[in-house]
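Remarks on the structure that follows.
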2 protein chains.
Amino acid sequence: MASDTLDATFAALADPTRRAILARLAQGEATVMELAAPFAMSQPGVSKHLRVLERAGLISRGRDAQRRPCRLEATRLKTAMDWLADYRSYWEESYQRLDDLLGELEAGTSGAGEREVR
Amino acid sequence: MASDTLDATFAALADPTRRAILARLAQGEATVMELAAPFAMSQPGVSKHLRVLERAGLISRGRDAQRRPCRLEATRLKTAMDWLADYRSYWEESYQRLDDLLGELEAGTSGAGEREVR
């Protein structure tokens, strides 16, 4: 997958309003007016975010000139997740190191406890 | 997880040089000089990218004042992947629709073939 696609996808996701718009569209199509309502944001403000999402291929717009309903296009999210999944072994290793450390601390604590009982 | 964390993580990932730096660090720690070498980029240019990655918590720097080796910190990548994973059913649905469409087209083609044989 082209690097440009990942650039655009990650950049589009780096904004809480745009992520909230995607979460809303996951529940079904919505017009700009419907999307603007919960955000206390002007329609032009929402439209600007929609253009970023559309350019990144994360949403598509209907052809009805009046409503132009927005729809989630999730396949680019898979592309982003596939890139991240390559690093799975590294964070699993980080969590394993943390588990080992906690295990050692716990073993040390219970050992101390036993000595107290004796 | 705070929305700010996702903002910083996705913004840091929206650049091909920064993604390449993470890929290099996945193979082991590296100094700024070692990281700059394959990119035909100045050390200050690489340092700027490293600051973005460090602020996003995607790398850490060693304490050795001379070398300050960079190290991959992968747990924030997991946070980003967890966010994306919530959309898995939507892209699976998209691929299913495509499969269904291809199945219908194939059935139509073989049907036409049968009619030709008759």
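Below, all heavy atoms of this structure are taken into account, side chains as well, without hydrogens, waters or symmetry copies. Just so you know, these numbers come straight off a predicted model, no measurement behind them.
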### Query
So with a 6.0 Å cut-off around CZ of A:Arg63, is the heavy-atom count from everything else above 12?
no
### Task
Flag yes if more than 12 heavy atoms outside B:Arg67 fall under 6.0 Å of its CZ atom; otherwise flag no.
no
With only heavy atoms counted, which part of [X] is less than 4.5 Å from chain B, the side chain, the backbone, both or neither?
X	answer
A:Thr75	both
A:Ala12	neither
A:Ala8	neither

### Task
Begin with the C-alpha distance, continue with both residues' side-chain angles, and end with the deciding distance and a verdict on side chain to side chain contact (heavy atoms under 4.5 Å, CB included) for A:Tyr87 and B:Leu72.
CA-CA 10 Å; A:Tyr87 292 83; B:Leu72 176 68; 4.0 Å; yes
### Query
If you count heavy-atom pairs under 4.5 Å between each of B:Thr9, B:Asp4, B:Leu22, B:Asp15 and chain A, which one has the most?
B:Leu22
### Query
Looking at B:Arg88, B:Met81, B:Arg19, B:Glu93, which makes the most heavy-atom pairs under 4.5 Å with chain A?
B:Arg19
### Query
What heavy-atom pair brings A:Asp7 and B:Ala14 nearest, and what distance separates the two atoms?
O-CB, 3.5 Å
### Message
Determine whether B:Trp83 and A:Leu77 satisfy the following criterion, side chain to side chain contact (heavy atoms under 4.5 Å, CB included), listing intermediate values before the conclusion.
### Response
CA-CA 10 Å; B:Trp83 186 88; A:Leu77 296 176; 4.3 Å; yes
### Query
Can you hop from A:Leu58 to A:Val52 via hydrophobic side chains spaced under 4.5 Å?
no
#### Entry: Heavy-atom check, side chain of B:Leu13 versus side chain of A:Leu84, under 4.5 Å
yes
### Message
I want to check something: taking the side chain as every heavy atom from C-beta on, are A:Trp91 and B:Glu73 in contact at a cut-off of under 4.5 Å?
### Response
no
